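Data block below; observations after.
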Amino acid sequence: MPNLGLRLGLSGAVLGKAGTSAPVITPRNAQVANRTSFPEVATFTGQRGCLAPTFHRLAQAVNGQLEVWYPNYGIPLGVETFPGAAATATAQVTYTDATSGLPVTANLVDVTTGLTSLTAPDGGHFKVKATINAAANTWIELRIRGDFPNGFPYSMWKANQQRAEGVQYAATVGALPALNGTVTRTLPATYLWYGPCLIRATHNGIVALINGTSLEDGIYDLPNTTSGDSGYLARIFGEANVPYVTIAARGERMQQYATNSFNANRRAVAAASGATFLAMGAPINDLGGRTGAQAIGDMDTIATAAGLPMIVATCTPHTQDGITTAASSTKTTNIAAYNALARARPRYIDLAGVLEGAVAGTWATWTAMWLDYLHGQNLGNRYAQQNAAIVGTSLALHGIAPRAAGPRMPEGNILTAPTDLSNAAWTKTDSTISNAGTVTQIMFEAATTAKHQVGTSNTKPASAKMRIAFDVTFNKSRTFACLLYT
């Protein structure tokens with residue numbers, strides 16, 4: 001690794017000679033955990049009370065101050081949107097004490113006043129702290145009970161069901177249980193989540209700053225049951241126990257982030273994160289109108305402004321009608337051009353290499369994608385996490401090791417995706433057990449003549465079949481809900 005003896009303009013971390021090992025970094029206040037992000041919706045109208053537990057794994061030991069920021073705003077389509085009112089809250093942290101091995105719950109207090117009564121200005125943050133003694137690779141539970149006069153901000157598809165995350169909300173905060181009470185999650189199909197955008201403490205480890213779009217924010221990717229990570233890049237760095245801050249936003253364009261000023265809060269969080277490198281997701285929202293060269297140029301602009309070395313990801317497909325037809329010829333051409341440029345970079349993660357089909361610009365299998373033909377669903381995200389090639393030099397800077405690509409996802413039409421099925425009669429038509437490498441799937445096929453609604457809008461014809469996959473290898477006996485097909 002070359003001498004990286006520079007002061008990073010964004011994070012303030014100081015890197016020195018590292019040889020072939022990880023870089024030497026001066027201790028500073030930096031992101032120390034996983035699973036932080038920003039709300040995609042600024043206000044849940046009519047629901048001002050919010051009780052939200054979230055769970056996070058500490059990558060480093062914390063024996064001292066833990067600082068947490070919660071946002072009082074949302075970022076729909078990459079544009080910071082304020083709710084129009086200050087919010088108040090109380091909050092706490094529960095952790096396992098590194099000395100006694102016993103669980104400890106501590107109040108989170110305002111970083112300035114030291115009070116347990118917390119206030120976040122309109123468009124600002126709750127900034128809170130507690131003194132803890134927790135070992136590395138242990139979990140903390142953060143819990144906030146907030147009063148948001150115009151409705152609380154939230155994200156979808158974020159709650160880790162295996163750890164009983166989720167939001168209990170109400171028209172008034174007084175209708176909620178106490179901060180340390182039992183949470184009864186209000187659980188729509190979209191897994192609402194409200195949580196921190198920054199969790200930091202003093203340490204000398206590397207930190208990833210993840211930027212990008214909904215692909216990096218993890219939409220339609222249920223959190224990994226082991227680490228809680230969701231989204232292509234968060235899964236890869238989380239698996240490597242690299243703490244990360246996700247400033248990706250759904251609907252974001254890299255040109256927009258690089259050139260506009262309505263992301264001041266995300267830039268402030270990035271500056272406070274102690275990040276040592278930038279992990280850039282693919283600019284899929286740009287490539288409908290900008291060339292691959294223009295889009296990767298925007299990414300370079302972002303990295304230069306941040307003062308951080310960058311690792312990039314290739315762009316997964318965007319099709320028109322599932323796995324068979326690529327998106328518009330312009331977008332398909334731009335994606336291919338961008339991927340060629342990304343693969344020529346010093347460091348890259350080749351997501352597309354294992355998810356793209358034999359026909360350029362198409363998905364290998366419907367199993368990998370969501371109903372909008374753009375986002376990878378849970379299985380696609382997990383497959384890329386385990387199989388995408390990681391290529392380049394100086395990867396110790398990013399806390400990951402190079403690896404060759406695993407097998408491309410098998411071509412086929414196994415259709416499994418989250419869905420909302422009505423209660424109608426189904427008649428069994430077939431059942432099979434299939435083995436592909438180390439993956440075992442038990443498929444059950446059935447038919448019906450009733451109409452069903454898929455997700456929120458996609459209604460299939462009256463004559464339909466379904467398949468349910470029990471993916472034994474990845475998820476033991478958990479059922480992937482099925483997608484109808486004719």
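Computed from a predicted structure; not experimentally measured. Sequence positions, counted from 1, serve as the residue numbers for this chain.
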Please determine, by modelled atom types, if [X] and [Y] share a side-chain donor-acceptor pair under 3.5 angstrom.
| X | Y | answer |
| --- | --- | --- |
| Glu165 | Trp193 | yes |
| Gln255 | Asp286 | no |
| Asn378 | Arg382 | yes |

Side chain to side chain contact (heavy atoms under 4.5 Å, CB included) against Ala59, all qualifying residues, sequence neighbours excluded =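 Result, side chain to side chain contact (heavy atoms under 4.5 Å, CB included) vs Ala59: Asn241, Pro243.
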Check [X] against [Y] and note the closest heavy-atom contact, atom names and distance.
| X | Y | result |
| --- | --- | --- |
| Ala30 | Gly274 | CB-CA, 3.8 Å |
| Glu356 | Gly361 | OE2-N, 2.8 Å |
| Val354 | Ala405 | CG1-CB, 4.3 Å |
| Gly228 | Asn160 | CA-ND2, 3.5 Å |
| Leu58 | Ala33 | CD2-CB, 4.2 Å |
| Ala270 | Ile247 | CB-CD1, 4.5 Å |

task = Please step through side chain to side chain contact (heavy atoms under 4.5 Å, CB included) for the pair Asp221 and Gln377, ending with a clear verdict.
result = CA-CA 5 Å; Asp221 175 22; Gln377 62 157 308; over 6 Å; no
query = Run the side chain to side chain contact (heavy atoms under 4.5 Å, CB included) check on Gln385 and Leu233 step by step: do they pass?
reply = CA-CA 8 Å; Gln385 171 191 347; Leu233 298 182; over 6 Å; no
inquiry  = Do the side chains of Arg290 and Asp298 get close enough for a salt bridge, i.e. N-O under 4.0 angstrom?
reply    =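 Looking at Asp298 together with Arg290, the answer is yes, because their closest N to O distance falls below 4.0 Å.
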Derivation of the salt bridge (charged side-chain N to carboxylate O under 4.0 Å, His left out) call for Arg235 and Glu216 = CA-CA 9 Å; Arg235 283 178 170 275; Glu216 287 66 54; over 6 Å; no
Taking side chain as C-beta onward, heavy atoms only, is [X] less than 4.5 Å from [Y]?
| X | Y | result |
| --- | --- | --- |
| Ile210 | Val245 | no |
| Val242 | His398 | no |
| Arg200 | Ser273 | no |
| Ser37 | Cys197 | no |
| Pro76 | Val41 | no |
| Tyr338 | Gln294 | no |
| Thr276 | Leu308 | no |
| Phe82 | Asn265 | yes |

inquiry  = For Asp350 and Arg343: C-alpha separation, side-chain torsions, deciding distance, then whether salt bridge (charged side-chain N to carboxylate O under 4.0 Å, His left out) applies.
reply    = CA-CA 8 Å; Asp350 197 1; Arg343 290 172 179 137; 2.9 Å; yes
Main chain of [Y], side chain of [X]: is a donor-acceptor contact present, judged purely on distance under 3.5 Å?
| X | Y | answer |
| --- | --- | --- |
| Thr304 | Thr301 | no |
| Asp217 | Thr213 | no |
| Glu80 | Ala264 | yes |
| Ser155 | Lys158 | no |
| Arg347 | Ile390 | no |
| Asn34 | Arg57 | yes |
| Thr314 | Asn339 | no |
| Trp69 | Pro196 | no |
| His203 | Gln31 | yes |
| Asp122 | Gly84 | yes |

request  = On the 0 to 90° scale, with breaks at 30° and 60°, tag the Tyr73-His125 ring pair as parallel, tilted or perpendicular.
outcome  =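 Ring orientation of Tyr73 relative to His125: perpendicular.
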query = Using 30° and 60° as the class limits, which term best fits the ring planes of Phe148 and Phe126: parallel, tilted or perpendicular?
reply =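 Phe148 and Phe126: perpendicular rings.
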ask   = Under the ring-ring contact (aromatic ring centres under 6.0 Å, His included) rule, what pairs show up with a residue in residues 233-259, not counting sequence neighbours?
value =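 Every ring-ring contact (aromatic ring centres under 6.0 Å, His included) pair that includes a residue of residues 233-259, provided the two are not neighbours, is Phe237-Phe277.
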Quick one: pull up [atom1] in [X] and [atom2] in [Y] and give me the separation to the nearest 0.5 Å.
| X | Y | atom1 | atom2 | value |
| --- | --- | --- | --- | --- |
| Ile311 | Leu395 | CD1 | CG | 5.5 Å |
| Thr316 | Leu351 | OG1 | CG | 6.5 Å |
| Thr246 | Leu198 | OG1 | CG | 11.5 Å |
| Ser214 | Glu40 | OG | CD | 9.0 Å |
| Glu252 | Asn285 | CD | CG | 8.0 Å |
| Leu355 | Cys315 | CG | SG | 11.0 Å |

inquiry  = The test is ring-ring contact (aromatic ring centres under 6.0 Å, His included); show your working for Tyr194 and Tyr70 and say whether it passes.
reply    = CA-CA 9 Å; Tyr194 174 68; Tyr70 284 92; 5.8 Å; yes
request  = Begin with the C-alpha distance, continue with both residues' side-chain angles, and end with the deciding distance and a verdict on side chain to side chain contact (heavy atoms under 4.5 Å, CB included) for Thr45 and Asn150.
outcome  = CA-CA 6 Å; Thr45 303; Asn150 293 330; over 6 Å; no
key: Contacts of Gln47 that satisfy side-chain hydrogen bond (donor to acceptor under 3.5 Å, both in side chains) - sequence neighbours left out   =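 Here no residue qualifies.
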request  = Check the pair Glu239 / Asp229 against side chain to side chain contact (heavy atoms under 4.5 Å, CB included), numbers first and verdict last.
outcome  = CA-CA 8 Å; Glu239 181 181 48; Asp229 305 304; 5.8 Å; no
message = Would Arg345 and Asp300 count as a salt bridge (charged side-chain N to carboxylate O under 4.0 Å, His left out) here? Give the steps.
response = CA-CA 11 Å; Arg345 287 288 166 128; Asp300 285 332; 2.8 Å; yes
